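First comes the structure, then the notes that go with it.
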Amino acid sequence: MQTRVGWFAVVAMLVALACCGGDASTRLDDDDPAAAAREAELRALLGLPDRAELPYIPFGNPPSAAKIELGRRLFYERRLSGNGTQACADCHLQALAFSDGKALPVGSTGETLTRNSQGLANVAYAASLTWASDGLLTLEQQIHIPLTNDNPVELGLTDGVRDSVLASLGEDPSYAQAFASAFSDGAVTLERVIFALATFCRTMVSRGSAYDRYLAGDASALTSEQKLGADLFFGERFECFHCHNGSLFTGSYRDARDEEPRLSFFNNGLYNVGGDGSYPRYDQGLYDLTGNPEHRGLFRPPSLRNVALTAPYMHDGTIATLRGVVEHYVAGGRLVADGPYAGDGRASPLKSGLVRPFDASPAEIDAVVAFLDALTDLEFVSDSRFAAPE
Ligand code: HEC
Ligand code: HEC
């Protein structure tokens with residue numbers, strides 16, 4: 001028999017996950033003698049490399065091997081879309097660090113989305129999810145959206161088709177068995193689908209780049225050009241590290257030792273429609289959620305790990321190459337010369353003070369691009385743990 005998860009239950013689940021940020025049963029406490037053993041067990045389950053911190057795991061969805069394996073299967077499962085045509089993996093491709101290579105993706109019913117598909121490497125550590133939200137603080141909260149939203153449609157598991165899709169998965173004996181292994185019984189519910197997917201995404205940890213080998217003591221892992229690029233990236237002329245810092249090159253960060261998520265949003269001068277700092281009306285970033293006019297154009301700084309694989313760039317995919325991105329910062333913002341979104345982002349009143357024009361030679365720009373290339377982890381994009389199950 002199917003357990004139907006209605007909207008009420010889903011909302012209750014999201015509220016429960018949102019409210020339990022400080023729960024000690026999943027947050028690590030260094031004074032707790034059982035913590036080391038628990039950490040070791042969780043690290044082994046998630047397959048964490050030694051250098052990686054334990055991510056924050058919300059109360060109520062502890063990982064298990066069976067849940068990870070089920071989540072992997074569901075990630076590649078096209079039957080999870082309303083019309084059977086699309087899986088998570090169609091917009092999140094492993095070879096591209098789980099981005100899709102397009103400026104803007106198209107959902108299962110043919111609607112073009114307004115935002116660029118994000119890479120998912122190290123998504124377990126993001127303090128907030130998506131390009132600009134201060135309300136989606138866990139993978140469990142976020143994954144609900146691509147599954148069920150209808151404006152725009154992604155997978156299109158909308159109210160009308162949800163029950164029949166979940167029921168048909170439950171009628172597949174191998175899924176019933178997989179759900180029974182991952183949860184207490186074989187019932188296929190939306191909440192369980194989300195929990196399994198979130199657990200799988202939490203295992204997508206990437207720390208095997210040339211830069212990591214360099215940090216671990218192998219001075220030859222970076223070329224001299226890449227070392228120059230690192231110096232510039234972490235220097236006060238280029239200023240990159242102010243917003244792209246820490247082990248993931250983003251200030252938006254949370255691991256198991258953090259009491260609270262460290263939220264981070266900036267306006268980096270991509271637009272200045274009409275000269276008042278506005279972004280195109282269909283996507284003004286955090287402002288669309290908060291309604292605070294100061295929040296126009298605020299977006300989360302993306303992690304830069306594997307960024308060489310996730311072109312094109314920015315929330316709307318409007319910068320084609322990494323060189324173009326670095327040139328954007330050298331110019332102190334972007335001039336959109338004509339068209340409906342015309343405006344000089346360099347003069348935006350809402351732009352962060354950290355984005356201002358500076359002098360840089362072509363060789364220095366190349367060096368920063370070469371450094372960003374050194375953040376690519378080729379083991380991650382070929383690791384069979386993340387590939388489609390046979
Ligand atoms: C039609 C393409 C598409 C499909 C299908 C899709 N996604 Fe996404 N995904 C996106 C886009 C676009 C974003 C950025 C959304 C935003 O900023 O509003 C995103 C963001 C995410 C994020 C947040 C990443 C971050 O860094 O904050 C996660 C996690 C994610 N998707 C997982 C999934 C899972 C799991 C599925 C399957 C249930 C899925 N996606 C299906 C396009 C897609
Ligand atoms: C004021 C904070 C800030 C500074 C300084 C900054 N960035 Fe960013 N960066 C951001 C934000 C925010 C975004 C996303 C903006 C958007 O999509 O609208 C971003 C996007 C990017 C992207 C695109 C990533 C992707 O997945 O699309 C790259 C690459 C990047 N920055 C590199 C750099 C480099 C290199 C520097 C230094 C020259 C730098 N950033 C300086 C905040 C900053």
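Whatever order the structure lists ligands and atoms in, that order sets their numbers, starting from 1. This is a predicted model, so every value here is computed, not measured.
For the pair Arg334 and Tyr271, the cation sits on the ring face: its NZ or CZ lies under 6.0 Å from the ring centre, inside 45° of the axis.
Of the heavy atoms in Cys240, both backbone and side-chain atoms come closer than 4.0 Å to ligand 2. The backbone and the side chain of Phe266 each have at least one atom closer than 4.0 Å to an atom of ligand 2 (non-hydrogen atoms only).
Listed by number with element, the atoms of ligand 2 under 4.0 angstrom from any heavy atom of Ser352 are 1 (C). Near Leu322, with a cut-off below 4.0 Å to any heavy atom, the atoms of ligand 2 are 29 (C). Near Glu239, with a cut-off below 4.0 Å to any heavy atom, the atoms of ligand 2 are 5 (C). Close approach to Leu304 involves these atoms of ligand 2, each under 4.0 Å from a residue heavy atom: 28 (C), 29 (C), 30 (C), 32 (C). Residue Cys243 has at least one heavy-atom neighbour below 4.0 Å for each of these atoms of ligand 2: 1 (C), 2 (C), 3 (C), 4 (C), 5 (C), 42 (C), 43 (C). The contact set between ligand 2 and Val355, taken as ligand atoms under 4.0 Å from a residue heavy atom, comprises 1 (C). Atoms of ligand 2 found under 4.0 Å from any heavy atom of Leu270 (numbered from 1 in listed order, with element): 16 (C), 18 (O).
Salt bridge status for Arg207 with Glu53: present, with a side-chain N to carboxylate O gap under 4.0 Å. Of the charged side-chain nitrogens involved, none lies within less than 4.0 Å of a carboxylate oxygen, so that Arg73 and Glu77 do not count as a salt-bridged pair.
A donor-acceptor pair under 3.5 Å is absent between the side-chain atoms of Lys102 and the main chain of Ser117, judged by distance alone. Judged by distance alone, the side chain of Asp90 and the main-chain N or O of Ala87 form a donor-acceptor pair under 3.5 Å.
The shortest distance between side-chain heavy atoms of Leu298 and Tyr287 does not fall below 4.5 Å.
If you look at Tyr211 and Phe233, their ring centroids are not closer than 6.0 Å.
The only option from Asp316, Asp283, Asp288 that meets the salt bridge (Lys or Arg N to Asp or Glu O under 4.0 Å) definition with Arg115 turns out to be Asp283.
Using a 3.5 Å distance cut-off with no hydrogens or angles, the side chains of Lys67 and Asn61 do pair a donor with an acceptor. For the residue pair Asp258 / Tyr253, no side-chain donor-acceptor distance below 3.5 Å is found, with atom types taken as modelled.
Within 4.0 Å of ligand 1, the residues that place a heavy atom are Gln86, Ala87, Cys88, Cys91, His92, Pro105, Val106, Gly107, Leu113, Arg115, Asn116, Ser117, Gln118, Leu120, Val123, Leu129, Thr130, Trp131, Leu139, Gln142, Ile143, Pro146, Leu147, Glu154, Leu155, Leu197, Arg300, listed by chain and number.
Residue His244: an N/O/S atom is found under 2.8 Å from atom 8 (Fe) of ligand 2. Under 2.8 Å from atom 8 (Fe) of ligand 2 lies no N/O/S atom of Asn268, from backbone or side chain alike.
Residue contact check for ligand 2: His242 places no non-hydrogen atom closer than 4.0 Å to it.
Close N/O approach between Pro301 and ligand 2 is not found [any backbone or side-chain N/O within under 3.5 Å].
Nearest heavy-atom pair, Leu354 versus Cys243, reported as atom, atom and distance to 0.1 Å: CD1-SG, 3.9 Å. Closest approach of Phe179 to Leu74, counting heavy atoms only: CZ-CD1, 4.1 Å.
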